[in-house]
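Note sheet for the following structure.
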Amino acid sequence: MSWPSCRQSVVVKAMLAIQLEAEQFEPLSALAEWHQLLAARLGIRPAAESHFVGRVRPSGANDAPLTALELEHYPGMTEACIASLAAAAAGQHGATAVLVIHRIGLVLPGDAIVLVAVAADRRGPAQRCCQELLEALKHEAPFWKREWSQGVGSWITGNTPL
Amino acid sequence: MSWPSCRQSVVVKAMLAIQLEAEQFEPLSALAEWHQLLAARLGIRPAAESHFVGRVRPSGANDAPLTALELEHYPGMTEACIASLAAAAAGQHGATAVLVIHRIGLVLPGDAIVLVAVAADRRGPAQRCCQELLEALKHEAPFWKREWSQGVGSWITGNTPL
Amino acid sequence: MAVSTDPESQVQVRLFAGLREAMGWSEQLVELAPAAGGNNTAGPTPEQLWRQLNLQPTNPPAGVRVAINQQFATWDSSLAAGDELAFLPPISGG
Amino acid sequence: MAVSTDPESQVQVRLFAGLREAMGWSEQLVELAPAAGGNNTAGPTPEQLWRQLNLQPTNPPAGVRVAINQQFATWDSSLAAGDELAFLPPISGG
């Protein structure tokens, strides 16, 4: 496992915005709010921004139509863990700002589960930080997915391949 | 040079949306329009979406405050070239849809120059396609940047490091 | 209902997701046994508690991780009274 | 104003960005000279036109690329009447 484990970070220089969201959220509205925050705090917008949006697939592992995806988490640890992963990734790549929004609860097919956005001074750091933070979230943040299909719930014990 | 050269592509399976924009554009509004297009054509939104937004830096190569960045292009060839690079990247990564918006003309500091968005069924292809297409645009699409600073224009003969 | 005389001598154990469902409980207060031989410095390990609570399978599967006080920890960490111990089945976030 | 009798025997040459500014022109119609020895199959190359038009420096810099009919081409491609030839200084898009 090559992802950094969640740990308390010592110095946080980047602007971090972390949110667990129990209701449906619209990634573009969330990005618009984040842009306002960036503009207010930084004055000018950073030269490079990389975003990732993950959405629930219409069918589950057995290819049956999915009713919903349920996301269980470990309250308290999850938030701290995401914050620490985001701080580590931002620090490693010298990112200016990081936004993570992650759904919990029941998420419908087509709905956004996760949004990761990274602002940086150059495209490489923005892209790499966004990519690595997403992988870290998938492997290191205490979330568990259960697929609901035809009235049956099945816990997922891994991630889709990269 | 490892980027594919612009060429006529034989088969285009992905949804491509390419736009040269002579006026200021708002990336999130452009993404919202693209989402409507995707929803109308595909029904459900793809599971993975990767975006990149590039903006004009506040200062130029010599660190002097930048008045504006001017983007010259080769009308006709530029559009065809972007379309062919987008089709090649989408085909290589099996992306579902690609959006490219590129500014031309005078672009002010903080304004968006380029937006690349890729939708795919998995995060890896979405991220890699977005990243590689951005590099291809930087190296293979006939654009030329001129920095205007203190009344003097200087042609840029390369790209910022990745 | 756990019979508890002194919460300071207990460890709070939490299960999640498939493990929680398979065992039929999500939280349990576990009384720390007085250490054998009066050596009070090293408490039980998560591995010992896994067995003591009769979690299944008997040997913890490779994918299951432990957290102590909401930080990832190793199976041979030493637990102290008042700790929160969680057994985490394979993570699938993002 | 180019003296042109037959547009079908010409190549349209285009310059961009720094090259356009350095040379002081952006488009020029160039009459193709009748091929020496009556061999009409191979037209001039972009490299020959670069020299014929007295573009500077005399040896085309490594970063400059050529496009024929809006497709990237090589410096030793053969131009035909009616072609559009562009000399492209180093690209900086995105």
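Letters go in sequence order (proteins before strands), and every chain restarts at 1.
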Next item on the list: Carefully, step by step, assess V53(B) and V114(B) under the rule side-chain contact (heavy atoms from CB on, under 4.5 Å).
Entry: CA-CA 6 Å; V53(B) 179; V114(B) 66; over 6 Å; no
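With salt bridges taken as basic N to acidic carboxylate O contacts below 4.0 Å, one links R20(D) and E72(B). Classification of R51(D) and E47(D) as a salt-bridged pair holds, one side-chain N sitting under 4.0 Å from a carboxylate O. Between R65(D) and E140(B), at least one side-chain nitrogen of the basic residue sits less than 4.0 Å from a carboxylate oxygen of the acidic one, meeting the salt-bridge criterion.
The closest donor-acceptor contact from the side chain of K138(B) to the backbone of S92(D) lies at 3.5 Å or more, if one exists at all. Judged by distance alone, with hydrogens and angles left aside, the side-chain atoms of T78(B) form a donor-acceptor pair with the main-chain N or O of Y74(B) at under 3.5 Å. In terms of modelled atom types and a separation under 3.5 Å, the side chain of K13(B) and the main chain of A87(B) share no donor-acceptor contact.
Residue pairs meeting the side-chain hydrogen bond (donor to acceptor under 3.5 Å, both in side chains) criterion with at least one member in residues 26-45 of chain B, sequence neighbours excluded, are H35(B)-E49(B). Residue pairs meeting the salt bridge (charged side-chain N to carboxylate O under 4.0 Å, His left out) criterion with at least one member in residues 77-94 of chain D, sequence neighbours excluded, are R14(D)-E84(D).
Applying a 4.5 Å heavy-atom cutoff, the residues of residues 98-113 of chain B that approach chain D are H102(B), I113(B). Scanning residues 148-157 of chain B against chain D with a 4.5 Å non-hydrogen threshold yields W155(B), I156(B), T157(B), sorted by number.
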